[in-house]
Number of protein chains: 2
Amino acid sequence: MSPRKSVAEARRTRERIVEHAIAVASVDGLEGLTIGRLAMDLGMSKAGVLGHFGTKESLQLATLEGASAVFARTVWERAQHEQPGLPRLQAVCDAWIAYIETEREVFPGGCLFTTAAVEFDARSGPVRDAVARLYRVWRRRLADEVRIAVDCGDLPSGTDPEQVAYELVGLYMAFNQEIQLFADPAAAERTRRALARLFGQEQASSGGS
Amino acid sequence: MSPRKSVAEARRTRERIVEHAIAVASVDGLEGLTIGRLAMDLGMSKAGVLGHFGTKESLQLATLEGASAVFARTVWERAQHEQPGLPRLQAVCDAWIAYIETEREVFPGGCLFTTAAVEFDARSGPVRDAVARLYRVWRRRLADEVRIAVDCGDLPSGTDPEQVAYELVGLYMAFNQEIQLFADPAAAERTRRALARLFGQEQASSGGS
DNA sequence: CCTACCGATCGGTAGG
DNA sequence: CCTACCGATCGGTAGG
C-alpha cells in the first residue's frame, strides 16, 4: 500500500506521470491519452493518476507544458552559447534536427507539438488555445533569431523574418513526418539542404541588400 | 422503416456515409471517427452504418480512399490541361492552395491526409500502411512533375526532383496548419512567395544548368 | 436496413 | 494514494 506520501514524493509522482504522458501522447495523441492506460503503465490506480490533475483536460495541458519544457531545454538552451546571428540560428536548426532524431525515448511518436497541433487545430477549447499559444511563442522566437541574423548582416537586409520562420516550421514538419512515416535516413540531409538554400540565398529576388 | 433497398440505393448510402466520414475525420481524426456519431448524424442505426464496412478499420480505409479521390479530382485533374513543365507544376501548386482554402465543407478540419499522417505515423497496421502508400504516390507524382519541368528546361538541370517534392510537402503542411490554427489570411501569399523562391532559383548553388 | 443486446473501456466521483 | 462504483459510449454481433 502507498497512501500518505510526502509533498516531495507526490511531486515526483506527478513528474513521472507527465513524463510518461508525453511519450504516450507523442504516439497516440493528446486525445488518445487515457487515464486507465497511464495508471496501468505506471502501476497506479486511475484515481491516483487523476488526483494529480483533476480532469483529463488538465492532464493534457500539463503534458503540453512538459513537452514545451523539454523542447526549450533540448533545442533552445543548447544553442544559446553560440554567437548571435547566423551561427546561433544555424545552431537552433541543428539542435532541432538532432532533437527529432535522438529524443526517441522522450517522444517515441515524434514531436508532440506537431501531433497536438494537427489533432486540435480544428477544435476549440483550452487545449487548442494552449497549442496555438505555444506555436506563436516558438515562431516569434524563431523570427527573432532571423531578425538578429539580418541585423548582423548574416542574411540579406530584405529578408522577411516571419516568412523565414514560417518556412522553417514547414521544413520541420516535413522532416518530422519523413522520420516517422518512412524512417528515411536521408531526411536530415534533405532538411539541411533546404536550410542551406533558405539561409544562403533567401529573398534575393524580393528584397536584396 | 427502410429495410430492403436496391443495390443502387445501398451504394448511394455508402457514398453518403463516406462523404460525411471524410468531413468528421478531417476535424476529429480517423480514430476520432465513431460509428455511433456517424449513425446519429446521418439518421441511421449503428448497425446500418457498420454493415457497409464490417469494421471500423474498413471504414477508416474507405474514408482515406474517398479523400484520395477528392484530392485527385480537385488538385490533380484540374491542372492536367496545362502545358507540361513549369506551367503544369505551378498549376498543381495553385490548385493545392485553392483546395485547402475553398474545400471547407468537404474538409472542415483541413487536409485529411495531413491529419491522418500525423495521427498514424507512429502506429502500425493497415491504416498506417494505406496513409504511407498514398503519401508515396502523391510524392512521386509531384517529383515527376518537377522532373518534367527540368526536362523542359523550365528548371535548372541540377534540380533534384525528390528534394523539391519533399520541400513542397513541407510548405503544404505549414500552409494547412496556418489556415487551421490561425486562420491567417496571409498564409496563401506566404506560400506563393516560398514557391516562387523554390521554383525561381532552386539548386542554383548545388547543380546549375 | 432495423432493434436489441454484448463485454470493455471511457472520464470521473465517493469515501476513506 | 487506494477500492469500489457511476452513467455513457465504444466497436461489434444476433437475428430478422
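Below, chains carry the letters A, B, ... as their sequence lines are ordered, and counting in each starts from 1.
- Of the candidate nucleotides C:dG11, D:dG11, C:dT3, D:dG11 has the atom lying nearest to any side-chain atom of B:Lys46.
- Spacing between atom CD1 of B:Ile35 and atom C1' of D:dC10 amounts to 9 Å, rounded to whole angstrom units.
- Remark: C1' of D:dC10 and CD of A:Glu31 are 14 Å apart, rounded to the nearest angstrom.
- Checking the phosphate oxygens (OP1, OP2) of D:dC1, a side-chain nitrogen or oxygen of A:Thr13 falls inside 4.0 Å.
- In the set D:dC2, C:dG11, D:dA14, the nucleotide with an atom closest to the side chain of B:Ala47 is D:dA14.
- Base-pair partner of C:dG15: D:dC2 (Watson-Crick or G-U wobble, both distances under 3.5 Å).
- Among the protein residues, A:Leu38 comes within range of no part of the nucleic acid, since none of its heavy atoms lies under 4.0 Å from any strand.
- Salt bridge annotation for A:Asp144-A:Arg141: absent, with no cationic side-chain nitrogen under 4.0 angstrom from a carboxylate oxygen.
- Residue contacts for A:Thr34: at a heavy-atom cut-off of 4.0 Å it reaches the sugar-phosphate backbone alone, with no base atom in range.
- At whole-Å resolution of the value, NZ in A:Lys56 and P in D:dA8 are 19 Å apart.
- Using a 4.0 Å heavy-atom cutoff across all strands shown, A:Leu50 reaches at least one base atom of the nucleic acid.
- The interatomic distance linking A:Phe53 (CZ) with D:dC1 (C1') rounds to 14 Å, in whole Å.
- Between B:Trp76 and B:Phe71, the ring-plane angle classifies as tilted under the 30° and 60° cut-offs.
- What separates CG of B:Leu59 from P of D:dC10 is a distance of 13 Å, to the nearest Å.
- In this structure, CD1 of B:Ile17 is placed 10 Å from C1' of C:dC1, rounded to the nearest angstrom.
- Looking at B:Arg12 and B:Glu15, a side-chain N of the basic residue comes within less than 4.0 Å of a carboxylate O on the acidic one, giving a salt bridge.
- Across the protein-nucleic acid pair, A:Leu42 atom CG and D:dC1 atom C1' stand 13 Å apart, rounded to whole Å.
- Searching all strands for a Watson-Crick or G-U wobble partner of D:dC10 with both distances below 3.5 Å returns C:dG7.
- Between the C1' atom of C:dG12 and the NE2 atom of A:His52 lies a distance of 16 Å, rounded to the nearest Å.
- With rounding to the nearest 0.5 angstrom, the OG atom of B:Ser68 is 10.0 Å from the CG atom of B:Leu112.
- In this structure, B:Phe175 has its ring center no closer than 6.0 Å to that of A:Tyr166.
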